There are 2 protein chains.
Amino acid sequence: MARKNFSKKREAIYEAICSTKSHPSAEWVYNTLKPEYPDLSLGTVYRNMNGFKDDGMILSVGSVNGQERFDGNTKPHSHFICNRCGDVIDIENVPYNMQADEVVRNVSNCDIDYHLTFFYGICGKCKNIEEDNN
Amino acid sequence: MARKNFSKKREAIYEAICSTKSHPSAEWVYNTLKPEYPDLSLGTVYRNMNGFKDDGMILSVGSVNGQERFDGNTKPHSHFICNRCGDVIDIENVPYNMQADEVVRNVSNCDIDYHLTFFYGICGKCKNIEEDNN
DNA sequence: TTCGTTGCAAACATTTTGCAGTTTC
DNA sequence: GAAACTGCAAAATGTTTGCAACGAA
């Protein structure tokens with residue numbers, strides 16, 4: 001996909017993704033921008049987000065509860081995904097293990113570009129709700 | 001979900017998932033079993049696979065091209081996903097890094113149950129196709 | 001003016017669900 | 001025989017797409 005013009009809406013969609021750490025879905029972006037852009041359409045959001053992804057401007061962090069989630073932060077970092085509420089949280093403190101890529105390269109006859117790590121469990125918010133109910 | 005009876009079809013579905021290293025989708029399981037069980041329905045496959053997942057008998061390895069993929073091997077291991085053909089391949093040679101869970105536990109106030117690592121790149125098969133075309 | 005971009009709505013693909021009938025224990 | 005399970009088909013959900021109108025260079 002060749003994106004030539006940079007429309008106001010396209011800019012707003014990209015800004016919205018980059019301005020949050022919530023790893024938004026297309027629906028989140030749509031709902032967030034709808035008040036300011038009442039004639040925004042969901043198709044446009046999908047089209048642009050796919051374009052950003054193809055261009056490497058944003059990353060997919062996989063599907064949570066059936067919705068694909070994205071990250072405007074393209075620097076390598078890990079994620080935590082809450083098995084209860086589905087929140088996706090950045091983990092910045094685990095250094096990227098380049099050696100792992102090398103190991104896999106040597107044993108798998110695949111070209112390894114990069115790896116992603118996802119931690120799973122219960123987030124702080126959900127833990128608190130649990131405690132409040134006891 | 002409480003599964004009490006263990007029907008023939010349920011058994012066949014579980015067997016099918018465990019008997020392959022292809023990390024199958026629901027559709028794959030359905031198509032594989034359909035010849036032997038002509039009255040099998042896709043709904044049953046989905047229902048059972050979700051049940052297995054809830055019970056921890058199988059693991060989801062995320063969505064590839066819009067289809068959720070599963071793994072009957074629940075021992076901790078990593079995966080390689082081909083960015084070209086979508087194949088999911090087991091990586092058994094990268095030891096599970098328990099220390100990483102500990103680090104994240106300490107910095108995030110989340111309960112960490114486990115982590116998954118996905119390597120991305122081009123698989124051997126796709127590399128060969130590429131070379132053949134040169 | 002020319003193309004890229006958008007809104008809209010229809011089309012699609014995957015997954016879920018309600019219900020009546022069937023199987024398992 | 002009761003409870004669990006299934007087939008079927010409809011519905012729900014998330015995403016893509018065709019096309020005419022719109023907007024940016």
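Residue numbers begin at 1 in each chain, while the letters A, B, ... track the order of the sequences. Every value quoted in this text rests on a predicted model; they were computed, and no experiment measured them. Keep in mind that the numbers below use all heavy atoms, side chains included, and drop hydrogens, waters and symmetry copies.
In this structure, B:Lys34 places its NZ atom where more than 12 heavy-atom neighbours from other residues, nucleotides or ligands lie under 6.0 Å away.
Here A:Ser41 reaches the OP1 or OP2 of C:dG7: one of its side-chain N or O atoms lies under 4.0 Å away. The side chain of B:Lys9 contributes no N or O atom lying less than 4.0 Å from OP1 or OP2 of C:dT22. Contact annotation: A:Ser7 side-chain N/O to C:dT6 OP1/OP2 distance is under 4.0 Å. When the side-chain nitrogen and oxygen atoms of B:Asn50 are compared with OP1 and OP2 of C:dT15, none of them lie within a distance under 4.0 Å. For D:dT6, the OP1/OP2 oxygens have a side-chain nitrogen or oxygen of B:Asn48 closer than 4.0 Å.
In this structure, A:Lys8 atom NZ and D:dA25 atom P are separated by 11 Å, rounded to whole Å. Summarising the geometry, the separation between CG on A:Leu42 and C1' on C:dA9 is reported as 12 Å, rounded to the nearest angstrom. Distance B:Arg47 CZ to C:dG18 P: 10 Å, rounded to the nearest Å.
A:Arg105 and A:Glu102 are joined by a salt bridge, as a carboxylate oxygen and a charged side-chain nitrogen come within less than 4.0 angstrom of each other.
When distances are taken from the side chain of A:Arg10 to each of C:dT6, D:dG14, C:dG7, the shortest belongs to C:dT6. The side chain of A:Leu40 has C:dG7 as its nearest neighbour among D:dG23, D:dT15, C:dG7. Of the candidate nucleotides C:dG7, C:dT14, D:dT15, C:dT14 has the atom nearest to the side chain of B:Tyr46.
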